[in-house]
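Before any comments, here is the structure.
By convention here, the first residue in the shown sequence is residue 1. Everything numeric here is computed off the predicted structure, so don't read it as measured data.
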Amino acid sequence: MWDVRRGGWHFDRRGGNHEMKQTELKALFDRLGWKWMELTAEGGGRVLVLERGCRVIGVFADESSENAVWVRPELAGLASGEAVNDLEAHWNVGGDRTFISPEMEYFYDPSAGCFVFPPALDPGQYSADMDAHFTIMAKQSIRVRAFRAGKDVAINMYKEIRLVPDPLLPLKPAKGLGYSFVGYEVVCAAEIGGGSLFDLGETSDTASTTETASAYAYNAAATGVVEDEGALPPFSLWNLIQVPATGEAIMPTHGEADAVPFLLGQGMEGTRTEEGAVRFRIDGRIKRKISIRAAEAKDRIGYLRVAEDGTYYLLVRSFNMDRAGAYGDVPLDRPEESGHCVQCYNDDGTLGGFGEIEYHTPLMGPGQRKMTDISQVWCYSGDEEQIGKVATELLGVRL
């Protein structure tokens with residue numbers, strides 16, 4: 001964390017996290033008619049998941065903690081789910097979501113010269129349930145436009161969300177660690193072009209594929225979403241967590257990395273590059289986005305925030321990284337660039353004044369149609385000293 005006395009920034013804690021408490025979120029979703037599911041950890045931590053968009057919408061390290069992810073404040077004033085459609089950018093409700101990429105392929109219409117949002121992707125058509133082992137499973141079959149390829153493509157998506165233990169648990173006695181914790185894992189599998197069977201245990205051996213013990217499968221042919229394998233557009237997965245301002249995103253790197261501005265005409269205000277990390281201020285005031293290429297990035301990204309009551313919150317996402325992988329996301333004005341993997345976004349208030357910590361998987365390889373990605377999210381809350389120790393252990397930085 002930068003201190004204003006050292007010429008950097010400090011957290012002004014303006015308003016802290018405006019997100020609703022656990023009981024308020026559940027009551028809101030019931031009122032809107034949105035199906036939600038809850039995973040409860042032994043220490044009192046909770047993870048709330050919406051079927052709509054299959055978003056992780058609540059991450060609470062303990063029963064009294066604030067939500068570690070951003071939820072759109074306007075939702076609290078709505079009386080029904082239908083009223084959400086009257087909101088501008090009504091897809092934008094917050095939390096942790098899975099998109100597809102490259103962004104320029106699926107979210108930018110060159111004929112109109114503007115970014116568009118495919119509603120088939122989010123809120124989409126997810127159908128979600130929880131099994132007896134407390135794993136939330138969701139699936140959807142959709143069609144989206146690949147603009148640069150000039151065709152519509154069928155995509156089957158499957159997600160699993162489950163609780164995971166604290167990776168620092170074995171170190172707590174020796175390191176003198178004390179904090180609240182909740183963590184979860186997201187398994188996301190995707191198949192482009194349709195197919196007859198979607199089995200997570202039989203995915204292609206791509207750079208982003210990892211083994212999973214899941215025994216769940218569904219028949220994609222039953223949905224009627226099947227296409228010719230030929231000439232498939234570039235495809236990868238893109239996971240984003242919306243986080244509340246004000247705070248600092250921390251992107252661990254190999255040495256001193258080159259953080260790249262990703263939006264047209266933006267500067268690098270609020271970005272600090274140092275040996276082993278890039279720090280990015282999220283204040284919800286100035287629209288900007290930065291990216292780090294896979295060759296320089298490490299397999300984690302964090303977000304540090306201080307609440308009004310002085311509690312420190314650290315959210316860490318751990319994901320699969322291939323430094324030599326083919327990553328397809330590019331800036332709009334520099335399509336020749338490649339390799340972009342880890343990104344941060346700061347909204348200017350137009351969409352709600354939040355931030356995002358993001359990563360992309362490598363592109364699906366030639367001739368392949370299936371891929372699986374697994375990531376984990378760890379949420380810690382505690383005092384400055386304890387969360388500082390966690391940041392050092394997991395991100396390799398000092399606060």
Could you go through residues 166-175 and list every donor-acceptor pair under 3.5 Å that involves a side-chain atom there, pairing it with any protein atom two or more places apart or in another chain?
from   : atom 1 : to     : atom 2 : distance (Å)
Asp166 : OD1    : Leu168 : N      : 2.9
Asp166 : OD1    : Tyr380 : OH     : 2.7
Asp166 : OD2    : Tyr179 : OH     : 2.5
Lys175 : NZ     : Glu393 : OE2    : 3.2

Linked, directly or transitively: Val330 and Phe147 (ILVMFWY side chains, under 4.5 Å): no

Donor on one side chain, acceptor on other, Thr98 and Asn239, under 3.5 Å: yes

Minimum side-chain heavy-atom gap Leu177-Gln386 below 4.5 Å: yes

Residues Asp283 and Thr246: side-chain donor-acceptor under 3.5 angstrom: no

Short side-chain donor-acceptor distance under 3.5 Å, Tyr345 and Gln343: no

Residue pairs involving residues 320-343 (criterion ring-ring contact (aromatic ring centres under 6.0 Å, His included); sequence neighbours excluded): Phe262-His340

Basic-acidic side-chain contact under 4.0 Å: Arg293, Glu337: yes

Path from Phe134 to Val49 over hydrophobic side-chain contacts below 4.5 Å: yes

More than 12 heavy atoms from other groups under 6.0 Å of CZ on Phe117: yes

Which atom of Pro233 lies closest to which atom of Lys151, heavy atoms considered: CD-CD, 4.5 Å

Test item: Glu296 side-chain N/O and Thr253 main-chain N/O as donor-acceptor pair under 3.5 Å: no

Within one Ile-Leu-Val-Met-Phe-Trp-Tyr cluster: Tyr313 and Val243, side-chain cutoff 4.5 Å: no

Thr273 versus Glu256, closest heavy-atom pair with distance: CG2-CG, 3.3 Å

Main-chain N/O of Gly284 paired to Asn346 side chain as donor or acceptor, under 3.5 Å: yes

Pairwise distance CE(Met364) to CD1(Ile192) - rounded to 0.5 angstrom: 6.5 Å

Those residues that, when tested against Pro118, pass side-chain contact (heavy atoms from CB on, under 4.5 Å) (two or more places apart): Phe107, Leu121, Val144

Where Gln140 and Ala120 come nearest, the two heavy atoms and their spacing: OE1-O, 3.7 Å

Transitive ILVMFWY side-chain link Val84 to Met20, under 4.5 Å: yes

Donor on one side chain, acceptor on other, Ser101 and Ser236, under 3.5 Å: yes

Arg148 to Tyr106 six-membered ring, cation-pi geometry met (6.0 Å, 45°): no

Could you tabulate the donor-acceptor pairs under 3.5 Å formed by side-chain atoms of residues 180-189, not counting sequence neighbours?
from   : atom 1 : to     : atom 2 : distance (Å)
Ser180 : OG     : Asp62  : OD2    : 2.6
Tyr184 : OH     : Asp96  : OD2    : 2.7
Glu185 : OE1    : Arg162 : NH1    : 2.8
Glu185 : OE2    : Gln376 : NE2    : 3.2

side-chain contact (heavy atoms from CB on, under 4.5 Å) involving Glu269 - partner list, sequence neighbours excluded: Arg281, Ile286

Closest heavy-atom pair and its distance - Val59, Cys379: CG1-CB, 3.6 Å

Nearest heavy atoms of Arg72 and His90, plus distance in Å: NH1-CA, 4.1 Å

Side-chain donor/acceptor of Ser65 to backbone N/O of Ala61, under 3.5 Å: yes

Any Arg334 side-chain heavy atom under 4.5 Å of Val260 side chain: yes

Distance (rounded to the nearest 0.5 Å) between Lys159 NZ and Ile136 CD1: 10.5 Å

Spacing of CZ belonging to Arg300 relative to CG belonging to Leu395, to within rounding of 0.5 Å: 7.5 Å

Residues Arg285, Asp347: salt bridge by 4.0 Å N-O rule: no

Reported OG-to-CG distance for the pair Ser381 and Leu315, which is rounded to 0.5 angstrom: 11.0 Å

Ile292 side chain near Tyr359 side chain, heavy-atom distance below 4.5 Å: no

Any pair counted as salt bridge (Lys or Arg N to Asp or Glu O under 4.0 Å), so long as it reaches residues 354-364, sequence neighbours left out: Arg97-Glu356, Lys289-Glu358

Check ion pair Asp152-Arg145 (N to O, under 4.0 angstrom): yes

Under 3.5 Å: donor-acceptor pair, side chain of Thr392, backbone of Val397: yes

Side-chain donor-acceptor contact under 3.5 Å, Gln242 with Arg55: yes

Hydrophobic cluster membership, Ile100 vs Val116, 4.5 Å side-chain cutoff: no

Contact check, side chains of Pro102 and Leu363, non-hydrogen atoms, under 4.5 Å: yes

Non-hydrogen side-chain atoms of Thr40 and Phe60 separated by less than 4.5 Å: no

Any donor-acceptor pair under 3.5 Å from Asp329 side chain to His360 backbone: no

Arg46 CZ to Leu163 CG distance, which is reported to the nearest 0.5 Å: 11.0 Å

Separation of Glu384 CD from Leu399 CG (nearest 0.5 Å): 6.5 Å

Taking every non-hydrogen atom, the tightest pair across Gly94 and Ile57: O-CD1, 3.5 Å

Polar side-chain atom of Asn92 near backbone of Leu351 as donor-acceptor pair, under 3.5 Å: yes

Heavy-atom side-chain contact between Leu237 and Met371 under 4.5 Å: yes

Side chains of Met251 and Cys344 in contact at under 4.5 Å (non-hydrogen atoms): yes

Candidate pair Lys26 and Glu38, rule salt bridge (Lys or Arg N to Asp or Glu O under 4.0 Å), full reasoning: CA-CA 10 Å; Lys26 296 172 188 177; Glu38 182 179 50; 2.7 Å; yes

Arg31 side-chain N/O to Ala76 backbone N/O, donor-acceptor pair under 3.5 Å: yes

Heavy-atom check, side chain of Met130 versus side chain of Thr135, under 4.5 Å: no

